[in-house]
**Student:** 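Sending over a structure as structure tokens; questions will come in a sec.
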Amino acid sequence: MPAPSLNRPQRAAVRTLSGPLLVLAGAGTGKTRVITYRIAELIKHGVKPGRILAVTFTNKAAREMKERALGLLGRKRRGASAPEISTFHSLCVRVLRRHITLLGYPSAFSIYDRGDQESVARSAIRDIRVGHEKLRPGDLLAQISAWKGASVHAEQALELAETDKQQLAAMAYERYQAALRAAGAVDFDDLLLCTEQLFREHPEARFAEASRFDHLLIDEYQDTNGLQYRIVRALAERHRNICVVGDDDQSIYGWRGAEVAHILGFANDWPDAKIVKLEDNYRSREPILQLANTLISHNSARHDKKLRASRGGGDAPRFLRFEDETAEAQAVVREIRQRIDATGEDRVSPSDIAVLFRTNEQPRAFEMELRRERVPYVLVGGMSFYDRKEVRDLLAYLRVLANPSDEVSLLRIINTPPRGIGTGTVQTLLSDAVAQGQPLWNVLPSALHDGRVPHAAAERIELFRRMIDAYRARLGQEPLGDVLRQLFDTIDYRSELERVYKTPADVEARWNSVEELVNAVAQYAARADQPSLLGFLEETALAGREDMRDDKTDKRQVHAVTLMTLHSAKGLEFPHVYMVGMEEGLLPHQRSVADGGQQIAEERRLCYVGVTRAQDTLALTLSKARMKWGKLRPAIPSRFLMEMRGETDRAQRIAEASSARHQEDAAKHDGAPKKRAAKKRPAKRTAKKRSAAKPEKKPETARRRATGSTNT
DNA sequence: CCCTGCGCTTTTTTT
DNA sequence: AAGCGCAGGG
């Protein structure tokens, strides 16, 4: 790796080897490079690598940083201990593995991902409903996440809840959390929440963890939430060697509880902090940076800084408008094709191109066109390997082996493949489990004596239970890969695939995933120091959204156009960027238009992040109309397009038009349920049936009702 | 118990 | 347009 020289402020940051250090750095100024060089510098000055902890935003960033830091030190050091570089979540998992029993969780706790969380959320809200005021799993999870980010536990949420919806969510939160605890499971937020609680309630554990490191470095500090902030403080208060790096203009995770106040208040938290500003942008050509600077200047509450472009020249960014999203995708993809096919200096490698968008439904049209034009592409954050149904099924088996209390996983596999244990039987057993306050797994043996469970089903359950137990017993004894292969053989998953999927090609594709999973386990077993099923599951849970580190996929990706959301693009750069769907309702997103102020500012930062990803060329595209639920809707150009060109008045008018339209939509949305309720007889009937138990939708009654149903 | 088809709802970003 | 829940037949 060539070592480009550092400029003066960068050097100053790298050479500050102790004490609190804040690096306030704009986009493309070499933030990550400062951290990497500083790690290498510390080691050169005799700090043991193992005493350094660096925290990054993604696992991918962590891997890359580790590579580079070790590269700077030369190969001979590779054998020695390495600095610890990981995400907050990985860090917390490791802490919790050592201490979580102090909090009453099993040491083999499961980590629930989004899909698992939705299952739990769904059953938590099942009968919490007042009038037409209902809660959707997604809404509940968002609210819970917001509370957890602010360290609000379930019991406190009830008191804090203000709106009716929040009241409902608070009640569901209690159930949700109870279900997780009963399953010996934690969700992603719990990883942080539990760690914070551990540090607060068990000083000896905090001391042990804080003593592992003498230097702490944190990248993307503007995106830390309250939990992360307190964990950082707990870890750094002893040695005070804390270096944080970030850019307040790139704070885009406010919805997850991130607060810019943490980076802006760093100097207050650590009064002796040294502050370094980086304002020389080495990434983007001057006209691109100009656009970005003008755009972000529309945000009022920010640390004022102007980025200087060190790369002059370059084309002015283009603004392109199309009839609809199909035309938009066609035009962009056709242009990409031409750039790839060009000869000589104009030739562009697919991997130098990125298409950035706001929401996950946008790439659909682009995928279609890219396939049609046979342009290689990678969709980042889309359906990953670990989201495939067959992989999730088999992973559920593994998770039950590791932790039989894991109810979501147990429910998923108890009749997959179908083995004659129907929903009726499962419901009976589930209510037994609830009545006895036991995990479902523990009441399975009682099925044989439970008169309500059909004899045939009870026998199937017993077979299933013994099978799982037998494999559990083999876990520590035989190689992991062998055990799993035989397990998948025993349940005859191959036949299940043949039954469900009609064409041989489908079956083959699905079976390939199964084999890939077995391979992934084998690879893990070969790589890990002390391979364990738990370790494997932990890796898949934390890195699941990323692509598997499969050589084949890696090679394909090297030559592919990147499709991703603006959020995933943070920290990356591409020579050629297309920002698509630059419309009101998408960017800024509808839900931010509703709230105005704060939220629009975050959308503006998101747009800023997008623009500053581009090195050489940038195209911003939009459609005049866009399909929504099968209907074509006219679109308003994004106010940000006007803002970045300095047309502030026009931007203002668009903002007004956009809110007006949002009001209309909201009115329509509110009116619709009335119509539906009036139109539909069946709806009335259900309402009548329930009416005996269902009073008006008052908050207090709502609480009583839903609390009552918690017991059932 | 298991499968199919119909109708209803659907509005963001992710470790 | 698509995924989910529910009803009805094998």
Side-chain angles (χ1 to χ4, degrees), chain A residues 55-62 86-93 111-114 117-118 122 126 132 134 136-139 141-142 145 148-149 187-192 220 223-225 227-228 251-258 356-362 364-365 380-382 384 415-426 454 456-457 460 499-500 541-546 564-570 581 585-595 599 602-603 605-607 609-610 626-633 662 665-666 668-669 672-673 676 679-680 682-683 686:
Chain A
V55 180
T56 57
F57 199 74
T58 63
N59 285 299
K60 191 173 163 228
S86 65
T87 61
F88 272 109
H89 290 84
S90 307
L91 173 69
C92 290
V93 170
I111 301 171
Y112 274 8
D113 67 12
R114 178 72 197 199
Q117 289 183 55
E118 271 177 20
R122 204 158 289 154
R126 205 170 20 210
H132 67 270
K134 63 190 174 189
R136 278 184 305 256
D139 291 342
L141 291 177
S145 187
K148 285 186 176 177
D187 64 21
F188 272 64
D189 295 312
D190 286 339
L191 289 174
L192 304 178
E220 310 281 14
D223 284 317
T224 48
N225 65 20
L227 288 171
Q228 293 163 328
S251 166
I252 54 176
Y253 284 90
W255 50 275
R256 218 169 66 183
L356 307 182
F357 39 81
R358 176 66 174 87
T359 70
N360 279 316
E361 44 146 33
Q362 285 172 265
R364 251 184 253 251
V380 176
S384 91
N415 201 32
T416 307
R419 52 171 69 88
I421 308 173
T423 46
T425 305
V426 173
R460 299 313 195 108
R499 187 182 67 86
V500 173
L542 294 173
R545 303 298 308 175
E546 296 171 40
M564 62 183 162
T565 63
L566 291 163
H567 282 89
S568 330
K570 187 173 73 157
L586 279 177
L587 185 67
H589 193 268
Q590 192 78 4
R591 270 166 106 130
S592 332
V593 174
D595 219 86
Q599 299 217 36
E602 179 152 320
E603 297 284 306
R605 290 193 290 269
L606 197 50
C607 186
V609 166
R626 190 168 288 271
M627 277 292 214
K628 187 138 204 190
W629 304 330
K631 274 184 191 149
L632 202 63
R633 249 176 85 96
H662 179 262
D665 286 355
K668 247 185 244 166
H669 204 262
R676 247 178 269 139
K679 248 189 194 172
K680 274 200 326 181
T686 7

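Residue numbers start from 1 in every chain, and the chains themselves are labelled A, B, ... in the order their sequence lines are given, proteins ahead of strands. These numbers come from the heavy atoms of this one structure, side chains and all, not from hydrogens, waters or symmetry mates.
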**Student:** For the pair made of CD in Q590(A) and C1' in dT13(B), what is the distance, rounded to whole Å?
**Tutor:** 15 Å

**Student:** I want to check one thing: is the phosphate of dT10(B), taken as OP1 and OP2, less than 4.0 Å away from some side-chain N or O of R136(A)?
**Tutor:** yes

**Student:** When you compare the side chain of E220(A) with that of T56(A), does any pair of heavy atoms fall below 4.5 Å?
**Tutor:** no

**Student:** Is there a side-chain polar atom (N or O) of T425(A) under 4.0 Å from OP1 or OP2 of dC1(B)?
**Tutor:** yes

**Student:** OP1, OP2 of dT12(B) versus side-chain N and O of R358(A): anything below 4.0 Å?
**Tutor:** no

**Student:** Kindly point out which of dC2(B), dT15(B), dT10(B) is positioned nearest to the side chain of W629(A)?
**Tutor:** dT10(B)

**Student:** Mapping V426(A) and R256(A) to their closest nucleotides on DNA chain B, which lands nearer the 5' end?
**Tutor:** V426(A)

**Student:** So, is T565(A) near the phosphate of dT14(B), with a side-chain N or O under 4.0 Å from OP1 or OP2?
**Tutor:** yes

**Student:** Please check the phosphate of dT14(B) (OP1 and OP2 only) for any side-chain N or O of N360(A) closer than 4.0 Å.
**Tutor:** yes

**Student:** Using a heavy-atom cut-off of under 4.0 Å over every strand shown, decide if G424(A) touches base, sugar-phosphate, or nothing.
**Tutor:** sugar-phosphate

**Student:** At 4.0 Å (heavy atoms only), tell me whether R114(A) reaches a base, stays on the sugar-phosphate, or touches nothing.
**Tutor:** base

**Student:** Name all residues meeting the side-chain hydrogen bond (donor to acceptor under 3.5 Å, both in side chains) criterion together with Q117(A); count only those two or more places apart in sequence or in a different chain, and write none if there are none.
**Tutor:** Y176(A)

**Student:** Between W255(A) and G420(A), name the one whose nearest nucleotide on DNA chain B is closer to the 5' end.
**Tutor:** G420(A)

**Student:** With sugar-phosphate meaning primed atoms plus P, OP1 and OP2, does F57(A) contact a base, only sugar-phosphate, or nothing at under 4.0 Å between heavy atoms?
**Tutor:** sugar-phosphate

**Student:** Under 4.0 angstrom, heavy atoms only, what part of the nucleic acid is T423(A) near: base, sugar-phosphate, or nothing?
**Tutor:** sugar-phosphate

**Student:** Output yes when a side-chain donor or acceptor of R605(A) lies under 3.5 Å from a complementary backbone atom of S251(A), and no otherwise.
**Tutor:** yes

**Student:** Could you state the CG-C1' distance from L356(A) to dT13(B), rounded to the nearest angstrom?
**Tutor:** 14 Å

**Student:** Measure OH/Y253(A) against P/dT12(B) and give the value in whole Å, please.
**Tutor:** 16 Å

**Student:** Look at T359(A) and dT11(B) and indicate whether a side-chain polar atom (N or O) is within less than 4.0 Å of OP1 or OP2.
**Tutor:** no

**Student:** Can you tell me if R460(A) has over 12 outside heavy atoms packed within less than 6.0 Å of its CZ?
**Tutor:** no

**Student:** Answer with base, sugar-phosphate or nothing: what part of the nucleic acid does R122(A) contact at a heavy-atom distance below 4.0 Å?
**Tutor:** sugar-phosphate

**Student:** Using whole Å, what does the distance between atom C1' of nucleotide dT15(B) and atom CG of D190(A) come to?
**Tutor:** 13 Å

**Student:** Set out, in order, the CA-CA distance, both residues' side-chain angles and the distance that settles side-chain contact (heavy atoms from CB on, under 4.5 Å) for D190(A) and Y112(A), then state yes or no.
**Tutor:** CA-CA 10 Å; D190(A) 286 339; Y112(A) 274 8; over 6 Å; no

**Student:** Let me know the distance between CD of Q599(A) and C1' of dT13(B), rounded to the nearest Å.
**Tutor:** 11 Å

**Student:** Can you tell me how far C1' of dT10(B) sits from NE2 of H589(A), to the nearest Å?
**Tutor:** 12 Å

**Student:** What is the distance, to the nearest angstrom, from the CG atom on L227(A) to the P atom on dT14(B)?
**Tutor:** 20 Å

**Student:** Keeping Q228(A) on the side-chain end and N225(A) on the backbone end, is there a donor-acceptor pair under 3.5 Å?
**Tutor:** yes

**Student:** Say we look at dT13(B) and dC4(C): how far apart would their P atoms be, to the nearest angstrom?
**Tutor:** 16 Å

**Student:** Choosing from dT15(B), dT14(B), dT11(B), which nucleotide comes nearest the side chain of F188(A)?
**Tutor:** dT15(B)

**Student:** Between L566(A) (CG) and dT13(B) (P), how many Å, whole number?
**Tutor:** 11 Å

